[in-house]
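Encoded as structure tokens, the structure appears first; notes follow it.
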Amino acid sequence: MEALAMTAESDDPALAGDDAFSAVQLDTRDADDHASCLQHWRQRYDQLSAGAFAGKFEEFWFGNVQVFRERTNQVVHEIGSAWEGSRTVGVPVALDGTGWYCGEACGLDSLITLRGGDDLDYRTPRVHDVVAVTTDTQAFSDYAAQVEHRDIEAEIGNRRVIAATPEQATTLRSFLLTVISSLEATPELLRHPQMRKGLEQAIYASLLAAISGAPDAARAPTPGRGRQLIVDRAREYMSAHIDEPITVADLCTELEVSRRTLQYSFQDILNLNPVSFLRALRLNGVRRALKNAEHGHAAVADIAAQWGFWHLSHFAADYRTMFGELPSETLRSTGSSANRASCALGGTA
């Protein structure tokens, strides 16, 4: 088994508590070895088809979230269980046939799920590629309740296979693959708690969007004056936390409203959705930080991560659209301005 692993700890108080993340990439040549890749799971894999086994495994663990992708090239019978107190949701990336998951057929548009401590029983097709998230059940449930006003554990119930629309499955699959590819490129950015928080919330939002339900059905959108009050309270909160990367989930929790209610309120009062509004605030926060950075001692990627941006190419494109220049150009111009100021001072001495 060939391995590439990275873990991070920090003595910096700003990165408190950090066993911040774990990143593992493995190439395997044996089904038993492959079964042991997933941290804190209890698993056994038996190879059922003839031929040399080849597997590939990637895992990123941070905060409450374990994101992983595994690929195998033989029919495998997987048994075991996930860690206690967890909820797993996965979606296939590629299959060359039907898989049988806990007695049910699953295909490319099926979401597979497992509660920590429950028995895993999965016969994969020969070509099997899946991307999944295992997370703390309470953290995921709290997010669903506070942001979407959904009882997600009640919605899932005892289901092991959740039928999704092709659009839902494609969107979740694409998002999780983007997460993994971004973390592969810059795993060290997980040192920043703001990035871990933003990414965890983005993952939760994507899982909820993929799991069919009736979000906010019990609460009609707040009309008229109520929406103005929600926006006013949101502004007050933003003003009090002007130097922090506020998220939609933060506002929903603070104001005790759902994402849907927040969306209606911002759209009605400001003609702008809250996601765009908060993204603009965070982009301005990055710009201020770049302009105030000490020349030669700041990295764009680190500053972006401190403001909760985890997909650097999307961030750079959004920044350029907003300000008409790349973040690296802002940082360079800051250094040039500092040098000019230094020269001016030197000339008057």
Side-chain angles (χ1 to χ4, degrees), residues 4 6 8 20-26 38 56-71 87-95 108-113 128-135 140 143 147 162 164-211 245 247-249 259 273 275-276 278-279 282-283 286 300-322 326-327:
L4 173 61
M6 176 185 294
F21 68 92
S22 167
V24 178
Q25 298 177 52
L26 300 166
L38 205 51
K56 190 171 183 63
F57 177 82
E58 299 149 283
E59 177 196 79
F60 297 90
W61 194 322
F62 54 95
N64 296 302
V65 173
Q66 181 182 27
V67 187
F68 62 93
R69 181 181 184 183
E70 62 173 328
R71 286 165 271 188
R87 167 63 68 182
T88 300
V89 179
V91 60
V93 176
L95 304 171
L108 203 57
D109 295 328
S110 300
L111 304 184
I112 56 177
T113 185
H128 181 248
D129 184 350
V130 65
V131 60
V133 176
T134 301
T135 186
F140 183 37
Y143 179 93
V147 178
I162 301 172
T165 66
E167 293 76 18
Q168 285 174 314
T170 298
T171 300
L172 180 61
R173 181 185 302 118
S174 175
F175 172 77
L176 292 179
L177 290 177
T178 297
V179 168
I180 285 179
S181 104
S182 295
L183 295 181
E184 283 176 343
T186 53
E188 68 281 357
L189 294 185
L190 285 170
R191 293 182 299 110
H192 298 286
Q194 302 92 335
M195 178 175 168
R196 298 197 302 273
K197 171 188 167 184
L199 186 50
E200 180 176 297
Q201 291 179 354
I203 288 170
Y204 286 166
S206 294
L207 294 178
L208 290 173
I211 300 170
T247 65
V248 168
R259 179 188 291 268
N273 71 62
V275 172
S276 298
L278 290 171
R279 184 188 300 116
R282 289 161 56 216
L283 286 169
V286 170
V300 169
D302 284 324
I303 291 174
Q306 287 163 11
W307 280 90
F309 291 102
W310 58 270
H311 195 296
L312 294 183
S313 60
H314 288 178
F315 155 72
D318 288 343
Y319 188 98
R320 186 171 191 173
T321 298
M322 178 69 76
L326 290 170

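Note: hydrogens, waters and symmetry copies are ignored here, and every other heavy atom, side chains too, is used. Throughout, residue positions are numbered sequentially from 1 according to the sequence presented.
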Pairing of Lys56 and Asp129 as salt bridge, 4.0 angstrom limit:
no
Do the side chains of Val179 and Trp310 get nearer than 4.5 Å, heavy atoms only?
yes
Judged by atom type as modelled, is there a donor-acceptor pair below 3.5 Å linking the side chain of Thr178 to the main-chain atoms of Ser174?
yes
Taking the side chain as every heavy atom from C-beta outward, state whether Ile180 and Val67 have any atom pair closer than 4.5 Å.
yes
Check the pair Thr135 / Gln66 against side-chain contact (heavy atoms from CB on, under 4.5 Å), numbers first and verdict last.
CA-CA 6 Å; Thr135 186; Gln66 181 182 27; over 6 Å; no
Would you call the rings of Phe140 and Tyr204 parallel, tilted or perpendicular if under 30° counts as parallel and over 60° as perpendicular?
tilted
Which atom pair, heavy atoms only, marks the closest approach of Arg282 to Gly308?
NH2-O, 3.1 Å
Quick one: does Pro193's side chain get under 4.5 Å of Met195's, heavy atoms only?
no
Please examine the side chains of Leu207 and Val89, heavy atoms only from C-beta on, and report whether any two atoms are closer than 4.5 Å.
yes
Do Arg196 side-chain atoms and Gly63 backbone N/O form a donor-acceptor pair below 3.5 Å?
no
For Arg320 and Phe315, indicate whether the former's side chain and the latter's backbone hold a donor-acceptor pair under 3.5 Å.
no
Check Leu312 against Ala304 and note the closest heavy-atom contact, atom names and distance.
CD2-CB, 4.2 Å
Looking only at non-hydrogen atoms, find the nearest pair between Pro245 and Lys197 and report the distance.
O-NZ, 4.4 Å
When you compare the side chains of Asp318 and Thr321, does any donor N or O come within less than 3.5 Å of an acceptor on the partner?
no
Would you tell me whether Thr134 and Arg87 have side-chain atoms, one donor and one acceptor, within less than 3.5 Å of each other?
no
Glu70 CD to Leu26 CG distance, which is reported to the nearest 0.5 Å:
11.0 Å
Could you tell me the separation between the CD atom of Glu167 and the CG atom of Asp109, rounded to the nearest 0.5 Å?
8.5 Å
Value rounded to 0.5 Å, distance of OH in Tyr319 from CZ in Phe309:
10.5 Å
Smallest heavy-atom separation, Ala169 atom then Ala164 atom, equals N-CB, 4.3 Å
Any side-chain heavy-atom pair of Tyr143 and Leu208 under 4.5 Å
yes
Mark yes or no for whether Glu200, through its side chain, and Asn64, through its backbone, hold a donor-acceptor pair below 3.5 Å.
yes
Could you report the tightest heavy-atom contact between Thr88 and Ala132, atom names first, then the distance?
CG2-CB, 4.4 Å
Is the backbone N or O of Thr165 less than 3.5 Å from a side-chain atom of Gln168, with the two atoms forming a donor-acceptor pair by type?
yes
I want to check something: taking the side chain as every heavy atom from C-beta on, are Leu183 and Leu199 in contact at a cut-off of under 4.5 Å?
yes
Let me confirm one number: the CG-CZ distance from Leu176 to Phe68, rounded to the nearest 0.5 Å.
10.5 Å
May I ask you to check whether Phe21 and Phe62 place their ring centers less than 6.0 Å from one another?
no
Which atoms form the tightest heavy-atom contact between Ala305 and Gln194, and what is the distance?
O-CB, 3.7 Å
With sequence neighbours left out, the residues meeting side-chain hydrogen bond (donor to acceptor under 3.5 Å, both in side chains) with Arg71 are Glu58
Checking side-chain contact (heavy atoms from CB on, under 4.5 Å) for the pair Val131/Leu172: CA distance, chi angles, key distance, verdict?
CA-CA 9 Å; Val131 60; Leu172 180 61; over 6 Å; no
For the residue pair Ser22 and Phe60, establish whether any side-chain heavy-atom pair is separated by less than 4.5 Å.
no
Side-chain donor/acceptor of Arg191 to backbone N/O of Glu188, under 3.5 Å
yes
For the pair Arg173 (side chain) and Pro92 (backbone), establish whether a donor and an acceptor sit closer than 3.5 Å, ignoring hydrogens and angles.
yes
Go through it in stages, so that I can follow the logic: the residues are Arg69 and Val93, the test is side-chain contact (heavy atoms from CB on, under 4.5 Å), and I'd like the CA-CA distance, side-chain angles, deciding distance and then a yes or no.
CA-CA 9 Å; Arg69 181 181 184 183; Val93 176; 3.7 Å; yes
